[in-house]
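First the proteins, then the strands, lettered A, B, ... as listed; each starts at 1.
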Protein chains: 2
Amino acid sequence: MKKVSESTVARLSVYLRLLSERESEGVEMMSSGELAKLAGATAAQVRKDLSAFGTFGKRGLGYPVAELSGVLRSILGLERHWRVALVGAGRIGMALLGYQDFRRQGFPIVSAFDADRTKVGQRRHGVTIRADAEMERALVEEAIEIVIVAVPVEVAQEVVDRVVRSGVRAILNFAPTKIEVPAGVALKNVNMALELEALSYALSAGRRGRRWAAGARA
Amino acid sequence: MKKVSESTVARLSVYLRLLSERESEGVEMMSSGELAKLAGATAAQVRKDLSAFGTFGKRGLGYPVAELSGVLRSILGLERHWRVALVGAGRIGMALLGYQDFRRQGFPIVSAFDADRTKVGQRRHGVTIRADAEMERALVEEAIEIVIVAVPVEVAQEVVDRVVRSGVRAILNFAPTKIEVPAGVALKNVNMALELEALSYALSAGRRGRRWAAGARA
DNA sequence: GATTGTGAATTATTTCACAGCT
DNA sequence: AGCTGTGAAATAATTCACAATC
């Protein structure tokens, strides 16, 4: 089994989305070229990405759409649901709580916590917000597997440390700050400020007449 | 002027945040090593990143914090405010409207649009939501420079096309789909589903005993 | 003595190109 | 004939290592 880069994993998600669409349209086979075109990649890249996990295509024909969807779903661990908890029920947290797509895609938010007394006890989208102090116990008892951290920058690292100590091994962080996690814990960041700044750079660099990469990391 | 990769630009944002913090604490000089440690990079990388834009350090001493902050702010185009509009006032869009940090960081959302009749006319966080049909004209008249697209996947490309035709050259897309923009238009994506799937992959791969990159793209 | 700036070396990622199936 | 799977080649990103400078 080869080592797999983060960009490869990101592309697999994209491929899966496209394959699922086509599958529901009744398409049965798809070539690496077609898939690449839709995904904004090259045919060779599609094949290399897949080749890290096995050989799924039929030479001369392409890939069986339904089968490959299944394989990708399995590789990405999307055949099951993951129990997700939310820490921090501010504006972003609340919006995520209401975002039904997460549930549909296999990431139901089953618990939510906040340090703000006035928020505790409120029920939102089927989840009752509980006190921050109850977090550790609940994460363990409810077998939470992924935690979404949407707390202010100042407390983000501290909250992550507590989450990690509770045995959670996957964290999605929305706080715009560098978070440290021990090896064996997966961390992903969503940093909107960073993306806006990259746009600001592109606009400024453009005006200065410098060429820049119009980034398309999906 | 060397070409600058997207990851370099992302790191510049991180450096700037750290430098600003230290600056407010009264720190005057900082070495590439210190900065790297805080940023989760290497000293050489910090120096390489900066060297693409000029030479700002003093050998034997490090970098003057205040000066370098200023330089980075200038490089990233953060010395000015950018006029931002929001298209799509659903859960995510509304949350972004209320997110005061954007305003504070120089990205005030000055206009918002939605196709939903019932939302039009509502005032939220100082911005009145207007009809989708008014978008093109408003983007031009109000000299909007960055548009945040938070509409459903099905209409995202279409909305982006309209935005681009209105002369906007920077787009932050929240719809989890591949968006095409012409050269000269900067596009950044925030795709929470993708990040969750990467976490799912990491958890699954971990269980399978495969090593994986616990990605820390900030 | 410490730290920068930067070519050279290394490592990672992407693309090429073609033998091998269907 | 068409398309995959994959080594080899090309390109990109990162790290090394050291002369230059403060």
inquiry  = With a cut-off of less than 4.0 Å, is there a side-chain N or O of A/Gln45 near OP1 or OP2 of C/dT15?
reply    = yes
ask   = Atom NZ of B/Lys3 to atom P of D/dA13: distance rounded to whole Å?
value = 6 Å
Interatomic distance where CG belongs to B/Leu50 and P belongs to C/dG5 [whole Å] = 8 Å
message = Output the rounded distance in Å from CZ (B/Phe53) to C1' (C/dT6).
response = 16 Å
query = Does B/Arg59 make a side-chain donor-acceptor contact with the base of D/dT21, cut-off 3.5 Å?
reply = no
ask   = Any Lys/Arg nitrogen of A/Glu25 or A/Arg22 sitting under 4.0 Å from an Asp/Glu carboxylate oxygen of the other?
value = yes
key: Residue pair B/Asp161 / B/Gln157, side-chain donor-acceptor N/O under 3.5 Å   = yes
query = Whole-Å distance between C/dA2 P and B/Met29 CE?
reply = 15 Å
message = So, OP1 or OP2 of D/dG5: does either fall under 4.0 Å of a side-chain N or O from A/Tyr63?
response = yes
request  = Check the distance between C/dT3's C1' and B/Leu68's CG and give it to me in whole angstrom.
outcome  = 14 Å
request  = Rounded off to whole Å, could you give me the CG-to-P distance for the B/Leu12 and D/dA13 pair?
outcome  = 14 Å
ask   = Can you list every salt bridge (charged side-chain N to carboxylate O under 4.0 Å, His left out) pair that touches residues 85-110 of chain A, not counting sequence neighbours?
value = A/Asp101-A/Arg104
ask   = Which atom names give the shortest non-hydrogen contact between A/Val4 and A/Ala52, and what distance separates them?
value = CG2-CB, 4.2 Å
request  = Say whether, by atom type as modelled, one donor and one acceptor occur between the side chain of B/Ser200 and the main chain of A/Gly77 under 3.5 angstrom.
outcome  = yes
query = Looking at C/dT15, C/dC18, D/dC22, which one has an atom nearest to any side-chain atom of A/Thr42?
reply = C/dT15
ask   = Between A/Asp49 (CG) and C/dT13 (P), how many Å, whole number?
value = 11 Å
request  = Using the closest heavy atom to pick a nucleotide of DNA chain C for each, name whichever of B/Gly62 or A/Ser7 lands nearer the 5' end.
outcome  = B/Gly62
request  = Kindly indicate whether the side chain of A/Lys58 and the base of D/dG5 share any N or O donor-acceptor pair separated by less than 3.5 Å?
outcome  = no
query = Touch check for A/Ser32, heavy atoms < 4.0 angstrom, all strands: base, sugar-phosphate only, or nothing?
reply = sugar-phosphate
task = Between C/dG5, D/dT6, C/dT13, spot the one nearest the side chain of A/Arg47, thanks.
result = D/dT6
ask   = With a 3.5 Å cut-off and just heavy-atom distances, do the side chain of A/Lys48 and the base of C/dT15 make a donor-acceptor pair?
value = yes
note = Whole-Å distance, A/Glu6 CD to C/dT14 P, equals 12 Å
request  = Give a yes/no on whether any side-chain N or O of B/Ser51 is located under 4.0 angstrom from OP1 or OP2 of C/dG5.
outcome  = no
